[in-house]
Amino acid sequence: MALYNDTVMEHFMNPQNVGELENPDGTGTYGSPVCGDMMQIQIKVEDEKIVDAKFKTFGCGSAIASSSMATSMIIGKTIEEALELTNKEIIKELGGLPAVKVHCSVLADKAIKNAIYDYAMKNGKVYAALEGYDPNEDEDEHDHDVPEEE
Amino acid sequence: MRNVYLDYSATTPVKEEVLQEMIPYFTEKFGNPSSLYDKGLESKEAVDNARAQIGALINADAKEIFFTAGGTEADNWAVFGTVDKLKEKGNHIITTKVEHHAMLHSCQFLEKQGYEVTYLGIGPDGRINLEELEAAITDKTILISVMMVNNEIGTVQPIKEIGKIAKAHKILFHTDAVQALGNIPIDVKDLGVDMMSMSSHKIYGPKGEGALYIRKGLRISNYLHGGAQENSRRAGTENMTGIVGFGKAAELARVHFDEHVKHCSELRDYLVDRILTEIPDTMVNGTMEARHPGNANITFKYIEGESILLMLNYVGISVSTGSACSSKSLEPSHVLSALGVPVEMIHGTVRFTVGDFTTKEDIDYVVENLKNIVEKLRMLSPVNAQKGW
Ligand SMILES: Cc1ncc(COP(=O)(O)O)c(C=O)c1O
Ligand SMILES: [Zn+2]
């Protein structure tokens with residue numbers, strides 16, 4: 001009996017892609033220590049492809065594990081593909097999270113979006129998936145609505 | 001791997017001597033204490049013996065001890081039994097913001113029924129302000145309930161002074177002494193409490209057993225209705241093994257009190273000293289003065305408590321945390337909030353409680369592991385001392 005499955009624990013105990021990039025093409029953060037979870041992610045982009053990503057996370061086991069998983073998942077993807085990454089897919093790759101912990105992994109897909117948004121703004125790029133996107137919009141309410149167990 | 005249990009405020013193991021007392025009551029001594037033949041009387045005698053053992057620990061008469069199914073039931077009984085008994089007199093309760101949920105949620109339930117509840121705050125020392133208490137009293141106040149020792153930060157309330165105020169205003173005074181029992185000296189007569197909640201599993205007795213002390217002469221309404229057990233005050237066939245175990249645990253707590261307090265406070269102080277000097281950006285929550293001897297509540301800035309808990313668990317160490325993410329309700333600790341700890345720091349707070357089976361080697365093992373874990377999590381964190389929150 002453990003709180004998390006082995007995949008989650010592996011990503012928590014030995015997280016991948018930890019740290020900061022020297023010259024990131026985009027930086028995104030999401031959440032805040034007040035909410036209990038905060039993630040920063042940086043990406044390196046070449047030819048519309050994410051060639052590297054690094055993260056730093058303040059948060060619980062599932063926040064750290066989903067940060068590690070999400071960065072692993074976007075490396076090698078195109079920007080368009082990365083923008084399609086959902087919270088659900090991250091959780092699925094992790095083999096599932098306890099229902100009360102689902103909100104913690106929302107951080108990862110939002111932080112990625114914010115990093116790409118930063119990249120797009122700096123480079124004058126336009127992506128359909130970012131149309132009308134405001135990274136600061138629901139900063140305050142990202143957290144504590146607990147979704148139903150699936 | 002080494003196993004180090006530092007969560008004695010959550011629960012304790014049953015001591016061997018306690019278990020040995022309990023075992024016959026599962027098998028050969030199975031009589032119902034209400035039965036009139038020898039086998040029943042043998043059980044009744046055991047219940048009364050346990051009652052006396054608990055009375056001796058708190059300077060109460062055996063007849064003032066009423067067994068319940070734990071601290072939660074004792075708290076519920078005290079509140080609901082009092083408000084029912086005094087419903088003609090008033091509808092106002094005074095308690096604190098830092099009570100256990102057994103008390104807080106009972107009061108919130110009553111608020112929905114139309115009762116008024118005042119929740120007193122606490123100062124930086126974790127104590128309520130007595131003037132504030134006195135000012136909160138109205139002619140509708142029927143109960144003051146203030147816990148003796150807080151379960152998260154281990155701080156002790158000025159129970160005797162509160163008792164005097166309650167008495168002066170002729171208001172009933174209940175205290176939740178679940179964390180205090182066996183850990184600080186308790187003399188119900190000296191303290192002037194009318195009712196007091198206790199729980200067995202915090203003092204090396206079995207779980208699911210507790211008691212409510214009700215001062216002689218005081219009658220509150222019953223909470224459980226049925227048979228004539230517990231002098232017709234609390235119905236239900238007695239949990240014989242629980243009661244016998246609780247009694248023995250209380251006796252051990254009384255006989256070994258000084259030893260226990262010295263052992264725990266020395267190890268606790270050693271743990272706190274080492275953490276504060278060897279791990280930067282840490283702080284203790286709540287005053288160290290007159291505190292639960294085993295309690296250390298520590299904030300590790302810039303990291304989150306569940307992560308610390310998980311990594312400690314990975315190396316065999318059991319602790320608890322005030323972090324919201326680790327609680328099923330996703331709310332950060334209401335006690336640390338009331339103490340004024342900023343929310344981002346509450347998330348990084350860990351409660352360590354040492355007990356009778358803790359050793360110095362255990363503490364050394366915990367500190368060495370903590371140093372690595374805190375460093376590792378701080379490397380992972382986007383916030384730090386330089387950047388700030
Ligand atoms: C202060 C306090 N009150 C009440 C309780 C509830 O006691 P029990 O677990 O016996 O129901 C606890 C136990 O966690 C406690 O710490
Ligand atoms: Zn979380």
Side-chain angles (χ1 to χ4, degrees), chain A residues 1-4 6 8-20 27-42 54-68 71 97-107 111 114-115 142-147, chain B residues 1 281 299-334 336-337 340-350 369 372-389:
Chain A
M1 205 14 232
L3 183 53
Y4 298 120
D6 290 348
V8 176
M9 279 309 288
E10 177 56 30
H11 275 273
F12 170 66
M13 293 302 294
N14 301 300
Q16 307 297 303
N17 314 311
V18 174
E20 291 180 326
T27 299
T29 60
Y30 194 73
S32 81
V34 174
C35 298
D37 293 298
M38 173 183 176
M39 181 182 181
Q40 170 191 292
I41 178 166
Q42 297 184 321
K54 295 264 185 236
F55 83 88
K56 283 197 160 193
T57 291
F58 170 99
C60 64
S62 57
I64 289 171
S66 55
S67 302
S68 166
T71 46
L97 284 174
V100 293
K101 290 294 186 173
V102 168
H103 79 280
C104 309
S105 65
V106 179
L107 286 179
N114 290 349
H142 77 278
D143 47 356
H144 298 155
D145 43 312
V146 182
Chain B
M1 185 171 60
D281 297 310
T299 294
F300 298 87
K301 291 184 198 169
Y302 314 119
I303 55 179
E304 194 272 347
E306 189 204 84
S307 294
I308 304 172
L309 182 151
L310 284 172
M311 288 198 179
L312 285 171
N313 180 52
Y314 200 79
V315 291
I317 300 165
S318 311
V319 298
S320 70
T321 163
S323 155
C325 232
S326 67
S327 76
K328 293 205 174 77
S329 63
L330 299 176
E331 292 296 330
S333 154
H334 65 283
L336 295 167
S337 301
V341 180
V343 185
E344 63 274 21
M345 294 196 204
I346 295 177
H347 293 304
T349 296
V350 175
N369 277 288
N372 296 333
I373 289 168
V374 171
E375 190 180 310
K376 187 172 171 188
L377 287 172
R378 283 190 177 152
M379 300 251 292
L380 267 168
S381 178
V383 285
N384 56 48
Q386 289 79 46
K387 279 195 207 162
W389 294 97

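Within every chain, numbering begins at 1; the chains are lettered A, B, ... in the order of the sequence lines, protein sequences first and strands thereafter.
Interface remark: A/Tyr4 contributes side-chain atoms only to the contact with chain B (heavy atom separation under 4.5 Å). Heavy atoms of B/Leu380 lying under 4.5 Å from chain A belong to its backbone as well as its side chain. Interface remark: B/Met379 contributes backbone atoms only to the contact with chain A (heavy atom separation under 4.5 Å).
Looking at B/Glu304 and B/Ser323, their side chains do bring a donor and an acceptor atom within 3.5 Å of each other.
With hydrogens and angles disregarded, no donor-acceptor distance shorter than 3.5 Å links the side chain of B/Asn384 to the backbone of B/Arg378. Put simply, the side chain of B/Thr321 gets close to the backbone of B/Thr349: a donor and an acceptor are under 3.5 Å apart.
Scanning all heavy atoms of the two residues, the minimum distance from A/Ser62 to A/Leu97 falls at CB-CD2, 3.6 Å.
Highest contact tally toward chain B, considering only A/Gly61, A/Pro33, A/Pro15, is held by A/Pro33 [criterion: heavy-atom pairs under 4.5 Å].
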